[in-house]
Amino acid sequence: MTALTFAIEENQLTKRIAYLDLKGGAQREGTRIPEHLITPGFAIDVVDTVIRVTPVDATDLLLADLTYAEAAIRADRDGYAGVLIGGVPDYGLAAARAAVDIPVIGSGQASLLAAAALGGRFSIVTIWPETMSFVYQRLLRENPVGQQCISVRYVSTPDEQGMLADEDNFLTQMRSGREHMIERILAEIEHAVQDGAESVILGCNCMSPVADVLMSRASVPIVDPTTAGYRQLESMVALGLQPARDHRVPKSDRHHVLAELMKAAELAFGDDQEDCPVCVLNDDGTASCELPAREPAETQA
């Protein structure tokens with residue numbers, strides 16, 4: 001066997017995973033999944049949505065569902081073995097599963113299942129303000145295991161969210177491991193414990209860079225949505241499982257409709273697509289919530 005033949009066969013055996021991200025994500029460095037989590041034989045690509053929309057209200061949440069569902073269908077058609085929705089609100093999860101034959105995992109649902117598997121009741125602690133509560137309410141409402149969630153705790157305030165365009169903001173401070181932000185998150189985790197939580201889910205994939213330090217200092221188990229989602233997806237792909245559907249109902253064939261809707265939406269947005277307040281783009285094209293390589297968080301004040 002020649003080296004070229006071996007390389008081709010090895011590539012054919014590699015199972016490619018699509019990590020769905022908002023438009024512009026594929027231009028940023030990193031796969032969102034720490035290298036040590038990726039099992040040999042798997043590879044990760046970032047697959048962008050067609051439009052960049054932030055769910056700050058119910059209308060934008062609908063648009064987010066549509067663009068993530070379209071991205072999942074596109075990933076399936078491009079030959080990916082599985083799809084991970086890179087957001088705890090699980091944008092477009094049900095629609096994607098209705099239209100593809102590969103596993104589609106939502107970071108939020110995977111986290112709920114992981115927390116429930118730990119036993120007892122759990123809480124969600126998110127870096128975002130209470131104005132984002134509607135996305136968590138939907139997540140808990142649409143998943144029966146959400147009944148075990150006894151509280152959702154919010155670290156930041158609406159005023160702080162309005163300052164995300166500043167170079168030094170609560171999100172960049174969290175990502176760099178600034179001690180005062182770690183302490184604010186830990187304080188909400190302990191409030192959740194006082195609520196009765198026996199474990200805590202981090203309420204945004206953007207919190208994954210500080211998950212390890214939070215795990216080491218919290219009094220209860222911490223569920224990182226990026227890790228929970230990816231590990232579940234790898235398992236589903238390895239087991240050869242597909243989305244479960246009523247055999248009397250054919251798989252959705254509306255992919256072309258979604259694709260055309262997204263083209264129209266992209267034209268409608270034009271050059272005015274906002275910098276996502278969840279992923280504020282910096283001048284160099286990086287994003288405020290971009291996952292860096294997993295390194296110990298700094299503990300400077």
Close side-chain approach of Y80 and V47, heavy atoms under 4.5 Å: yes
From L84 CG over to L20 CG, what is the distance, rounded to the nearest 0.5 angstrom? 7.5 Å
Do T39 and R231 come within less than 4.5 Å of each other through their side chains, counting heavy atoms only? yes
Would you mind reporting whether R138 and D65 have side-chain heavy atoms less than 4.5 Å apart? yes
Parallel, tilted or perpendicular, as decided by the 30° and 60° cut-offs, for the rings of Y136 and Y154: perpendicular
R74/E70 salt bridge by N-O under 4.0 Å criterion: yes
Below 4.5 Å, heavy atoms only, C-beta onward: do I102 and V83 meet side chain to side chain? yes
Using modelled atom types and a 3.5 Å cut-off, is there a donor and acceptor pairing between side-chain atoms of R97 and backbone atoms of P243? no
Of the non-hydrogen atoms in E266 and V50, which two are nearest, and what is the gap between them? OE1-CG1, 3.7 Å
Is the side chain of H256 donor-acceptor paired with the backbone N or O of D253 at a distance under 3.5 Å, no angle test? yes
Using the rule given for side-chain contact (heavy atoms from CB on, under 4.5 Å), can you reason through M132 versus T126, listing the C-alpha separation, both sets of side-chain angles and the distance that settles it, and then say yes or no? CA-CA 10 Å; M132 298 290 290; T126 179; over 6 Å; no
Smallest heavy-atom separation, I150 atom then A197 atom, equals CD1-N, 3.2 Å
Heavy atoms only: give me the nearest Y91-P55 pair and the separation to one decimal. OH-CG, 3.2 Å
Got R153 and D195 here, is their nearest side-chain heavy-atom distance under 4.5 Å? yes
With side-chain contact (heavy atoms from CB on, under 4.5 Å) as the test, would you mind laying out the steps for I44 and Y230 before giving the verdict? CA-CA 10 Å; I44 315 295; Y230 180 71; 3.2 Å; yes
For F134 and A58, work out which heavy atoms get closest and say how close. CE1-N, 4.2 Å
For S219 and E190, which I'm curious about, is there any donor-acceptor pair between the side chains at under 3.5 Å? yes
May I have the step-by-step check of side-chain contact (heavy atoms from CB on, under 4.5 Å) for M207 and I185, ending in yes or no? CA-CA 10 Å; M207 300 176 75; I185 298 170; 4.0 Å; yes
Any heavy-atom pair between the side chains of I189 and R217 that's under 4.5 Å? no
Within the side chain of N143, is there an N or O that forms a donor-acceptor pair under 3.5 Å with the backbone of Q109? no
Looking only at heavy atoms, what is the nearest atom pair of P129 and Q161, with distance? CG-OE1, 3.0 Å
Reported NZ-to-OG1 distance for the pair K23 and T67, which is rounded to 0.5 angstrom: 9.5 Å
Please round to the nearest 0.5 Å and tell me the distance separating atom CE of M236 and atom CG of L241. 5.0 Å
Can you confirm whether D60 sits close enough to T54 that some side-chain heavy atom of one is under 4.5 Å from a side-chain heavy atom of the other? no
Given side chains that start at C-beta, do those of C149 and I124 come closer than 4.5 Å, heavy atoms only? yes
Nearest 0.5 Å, please: how far is CE in M181 from OG in S156? 7.0 Å
For residues S107 and G86, report the shortest heavy-atom separation together with the two atoms involved. OG-CA, 4.2 Å
Would you give the length of the straight line joining atom OG of S123 to atom CD of E198, rounded to the nearest 0.5 angstrom? 10.0 Å
Pairwise distance OG1(T49) to CG(D21) - rounded to 0.5 angstrom: 7.5 Å
Look only at the side chain of N169 and the backbone of L171, and say whether a donor-acceptor pair between them is shorter than 3.5 Å. yes
Any salt bridge linking E260 with K263? Criterion: basic side-chain nitrogen under 4.0 Å from a carboxylate oxygen. yes
